Amino acid sequence: MTAPGPSATPPAWCVLGHGEGGRTRLTSLGPDGAVLGQDEADPAALPALVGRWEAEHSPRWVWSDAASWYPGLLAAGVTLERCHDLRLIHRILAHSELVRDAGALRAASDWDTPLEPREPERDAGATLFDLDAAARRPGAVPSDHAETLAELARQRTAIDAAHDPARLRLLVAAESAGALIAAELQRAGIPWDVAEHDRILTAALGPRPSPGTPPALMVEAAAEVRTALDDPLVPLDSHPRLLRALHRAGIEVSSTSQWELQGHDHPAIAPLLRYKKMSRLLTANGWTWLDEWVHEGRYRPVYVPGGVVTGRWASSGGGALQIPRQLRPALRADPGWRLVSADVSQLEPRVLAAMSADPAMIAAGAGKDLYSGIVEAGIVATRQEAKIGVLGALYGGTTGDSGRVVPRLRRTFPAAMALVDGAAATGERGGTVTTWLGRSSPAVEESWTAAQRSANQPEASAGQQEAARRSARDRGRFTRNFVVQGTAAEWALSWMAALRLRLARFTPVPVEHAAGPSGPVFSRRAHLAFFLHDEVIVHAPAGQAEAAAAAIRESAQAAGRLLFPGSPIDFPLDLEISERSAQK
DNA sequence: GTTCCCCGCGCG
DNA sequence: AAAGCGCGCGGGGAAC
């Protein structure tokens with residue numbers, strides 16, 4: 001290694017990529033991108049090398065993607081502060097309206113690849129040696145050293161020449177921090193109380209049955225339904241056949257959905273609704289789920305940062321983002337530890353208020369509850385009306401209660417409504433909209449534009465015209481919501497990124513019996529354990545729980561200032577410290 | 001036998 | 001009651 005001397009420029013970037021003979025190459029770059037030094041290591045020696053550079057220089061690590069590189073480093077005990085995830089950033093830059101010339105990026109289409117879903121690490125001990133194979137698995141973006149450097153250069157050029165480089169840099173940093181956090185979350189896992197989960201299942205379904213047989217309470221409910229329908233064989237799990245059986249019994253429903261069933265008065269309805277509830281719990285989060293996803297007291301879901309077009313995270317396997325409220329009590333802190341749970345009150349409306357700088361809407365949220373603020377301002381009578389109206393504004397609701405309330409909101413919050421109405425109009429025309437930090441909505445397909453054009457010809461059929469209008473409205477609702485949902489995702493990433501750095505400064509505490517997959521662990525630090533769009537859970541030693549709560553609050557304020565400097569908008573949290581997650 | 005789509009419902 | 005946005009998943013059943 002050409003080690004920088006005391007007077008040399010410290011490395012701002014360290015680029016990792018695959019070199020010759022299965023070795024990993026490391027190139028350090030100065031702030032201007034000039035090469036400062038080179039080194040290389042076998043996969044087994046990589047964590048030590050990376051750890052040394054992190055300790056000495058804390059550079060921004062550049063790699064094809066964190067999902068390929070970081071789990072192996074984490075398994076070896078190496079935690080990094082900052083990175084630049086080329087795969088995630090490529091997808092943003094190649095489509096961002098803020099980028100003036102995305103030609104070079106678009107041409108490098110190998111980089112425009114979503115990550116293949118990957119099973120969680122069942123045996124993290126093997127990861128150290130699988131590091132190389134993991135980064136080279138099929139479907140992955142390029143990870144060889146030269147191409148990694150070339151892509152970094154393309155991205156830097158695009159950012160530097162962008163319309164608003166400062167905003168784009170915030171987005172790049174937030175998205176990349178998210179990539180680190182996702183890997184760390186998966187490694188840490190959610191502390192999960194298997195016995196409590198089993199208690200909840202047993203209370204709802206009856207004791208765990210032998211494989212292949214339904215639990216007792218489901219059998220009971222099914223029998224009640226069949227008696228009430230006077231049809232001893234009706235299959236309750238087949239929608240088409242159940243629907244026909246309901247019709248035979250004189251229950252005129254067009255689907256078997258619970259909201260439609262609820263409207264009918266028949267002795268079969270109540271047990272059927274109970275059966276459907278139980279069936280859902282059993283198939284989605286029953287004992288099979290427990291066996292598959294919870295090991296050694298940890299649920300380790302697979303998070304997919306940037307998995308949603310708007311920039312929200314998705315998940316792959318285990319349904320991490322759909323844990324039913326009913327099972328929340330199964331989230332339980334380790335002995336002597338606490339769960340610090342926080343969610344943002346009305347994140348999306350507040351984000352809209354800040355983006356549009358709508359003074360009336362900011363004022364409505366200035367207390368604690370934005371919906372109550374709207375009631376107190378005399379715009380609607382009830383909190384429920386306010387909520388339905390605001391959601392209608394964000395989602396493009398036109399019918400029912402929301403259709404009645406939205407026009408009132410349009411008069412009261414003209415700036416906020418102009419922002420979402422404008423986004424909808426752009427989408428209806430086939431245009432692109434962009435979030436606060438620069439993530440743009442996908443461009444329309446040519447076939448969409450063609451269909452719109454031909455529907456505007458005089459010879460177009462009425463059906464064609466109606467289909468085109470509906471499709472335009474659908475797209476308008478999507479772009480209307482995109483700017484708000486996407487900016488809210490940016491806020492949430494910024495919140496977590498700030499929180500992660502604060503938690504990294506907490507003092508680790510001794511842990512007696514924790515043997516992680518990588519071997520014995522003798523001390524552990526407060527860490528993020530769960531993230532769900534506008535909610536985080538931190539797992540912290542009891543003595544540090546208050547400090548963790550303060551860190552969560554400070555981080556929320558920091559995220560608000562970072563995205564909306566000078567704005568009076570605030571982002572109040574509902575925060576709770578407990579041993580066990582509340583059901584709410 | 002495998003693949004794909006729809007339905008319904010969980011989450012924000 | 002849903003409605004209006006964004007998802008993932010399991011099960012059934014049609015299509016291949």
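These numbers come from the heavy atoms of this one structure, side chains and all, not from hydrogens, waters or symmetry mates. Since this is a predicted model, take the numbers as computed values, not measurements. Lettering follows sequence order; numbering is per chain, from 1.
With a 4.5 Å cut-off on side-chain heavy atoms, A:Leu273 and A:Lys277 do not count as touching. The closest side-chain heavy-atom distance from A:Leu321 to A:Tyr303 is below 4.5 Å. For the pair A:Leu528 and A:Ile181, the minimum side-chain heavy-atom distance is below 4.5 Å. By the 4.5 Å heavy-atom criterion applied to side chains, A:Leu229 and A:Ile251 are counted as neighbours.
For A:Leu339 against A:Pro191, the heavy-atom pair with the smallest separation is CD2-CG, 4.0 Å.
OP1 or OP2 of C:dC5 has at least one side-chain nitrogen or oxygen of A:Arg477 nearer than 4.0 Å.
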Distances for protein N/O vs nucleotides 14-16 of chain C N/O pairs under 3.5 angstrom?
none

Set out, line by line, the N/O atom pairs under 3.5 Å between protein and nucleotides 7-11 of chain C.
from: C:dG8; atom 1: O4'; to: A:Gln322; atom 2: OE1; distance (Å): 2.9
from: C:dG8; atom 1: N2; to: A:Gln322; atom 2: NE2; distance (Å): 3.2
from: C:dG8; atom 1: N3; to: A:Gln322; atom 2: NE2; distance (Å): 2.8
from: C:dC9; atom 1: OP1; to: A:Gly317; atom 2: N; distance (Å): 2.1

Please report, to 0.1 Å, the donor-acceptor pairs under 3.5 Å made by any side chain of residues 394-402 of chain A, with sequence neighbours excluded.
from: A:Asp401; atom 1: OD1; to: A:Arg404; atom 2: NH2; distance (Å): 2.2

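For the 3.5 Å distance criterion, the side chains of A:Ser68 and A:Asp65 qualify, holding a donor opposite an acceptor. For A:Glu97 and A:Thr432, the side-chain atoms include no donor-acceptor pair closer than 3.5 Å. A side-chain donor-acceptor contact under 3.5 Å links A:Asp237 and A:Tyr275.
Comparing A:Gln262 and A:Leu394 against DNA chain C, the residue whose closest nucleotide sits nearer the 5' end is A:Gln262.
Following rounding to the nearest Å, A:Gln485 (CD) and C:dG4 (P) show an atom-to-atom distance of 17 Å. Distance CG (A:Leu243) to C1' (C:dG13): 15 Å, rounded to an integer number of Å. Here C:dC5 presents its P atom at 12 Å from CG of A:Leu391, a figure rounded to the nearest Å. Rounded to a whole Å, the CD atom of A:Gln384 is 12 Å from the P atom of C:dA1. Rounded to a whole Å, the CG atom of A:Leu273 is 10 Å from the P atom of C:dA1. A:Glu385 places its CD atom 17 Å from the P atom of C:dA2, with the value rounded to the nearest Å. The interatomic distance linking A:Gln346 (CD) with C:dC5 (C1') rounds to 17 Å, in whole Å.
A 4.0 Å heavy-atom criterion places the boundary nucleotides of DNA chain B facing chain A at B:dC7 to B:dG12, written 5' to 3'.
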For this session: Could you check A:Ile190 against A:Ile537 for side-chain contact (heavy atoms from CB on, under 4.5 Å), going step by step and ending with a plain yes or no?
Result: CA-CA 9 Å; A:Ile190 306 168; A:Ile537 298 180; over 6 Å; no

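At a threshold of 4.0 angstrom between heavy atoms, the contacts of A:Leu281 with the nucleic acid are absent. Within the 4.0 angstrom heavy-atom criterion, no nucleotide atom of any strand lies near A:Glu348. Among the protein residues, A:Ser255 comes within range of the sugar-phosphate backbone only, with heavy atoms under 4.0 Å from sugar or phosphate atoms but none that close to a base. Within the 4.0 angstrom heavy-atom criterion, base atoms lie near A:Asp401. Using a 4.0 Å heavy-atom cutoff across all strands shown, A:Arg480 reaches no nucleic acid atom at all. The residue A:Thr256 sits close only to the backbone: its heavy atoms come under 4.0 Å of sugar-phosphate atoms, none of a base.
Ion pairing between A:Glu348 and A:Arg312 holds under the 4.0 Å rule for side-chain N and carboxylate O. No salt bridge links A:Arg248 with A:Asp230; every basic N to acidic carboxylate O contact stays at or beyond 4.0 Å. Between A:Arg208 and A:Asp198, none of the side-chain N atoms (NZ, or NE/NH1/NH2) sits under 4.0 Å from a carboxylate O, so this pair counts as no salt bridge. Between A:Glu466 and A:Arg469, at least one side-chain N (NZ, or NE/NH1/NH2) sits under 4.0 Å from a carboxylate O, which counts as a salt bridge.
In this structure, A:Asp265 places its CG atom where only 12 or fewer heavy-atom neighbours from other residues, nucleotides or ligands lie under 6.0 Å away. Within a 6.0 Å radius of CD in A:Glu579, no more than 12 heavy atoms belonging to other residues, nucleotides or ligands are found.
Contacts between residues 414-444 of chain A and DNA chain B, defined by a heavy-atom separation under 4.0 Å, are absent.
Base orientation of C:dG4: syn, since the glycosidic angle falls within 90° of 0.
A cation-pi arrangement is not found for A:Arg87 relative to A:Trp111, the charged atom failing to lie both closer than 6.0 Å to the ring centre and inside a 45° cone about the ring normal.
The strand DNA chain C forms stems, runs of 3 or more Watson-Crick or G-U wobble pairs with distances below 3.5 Å, at B:1-12 with C:5-16.
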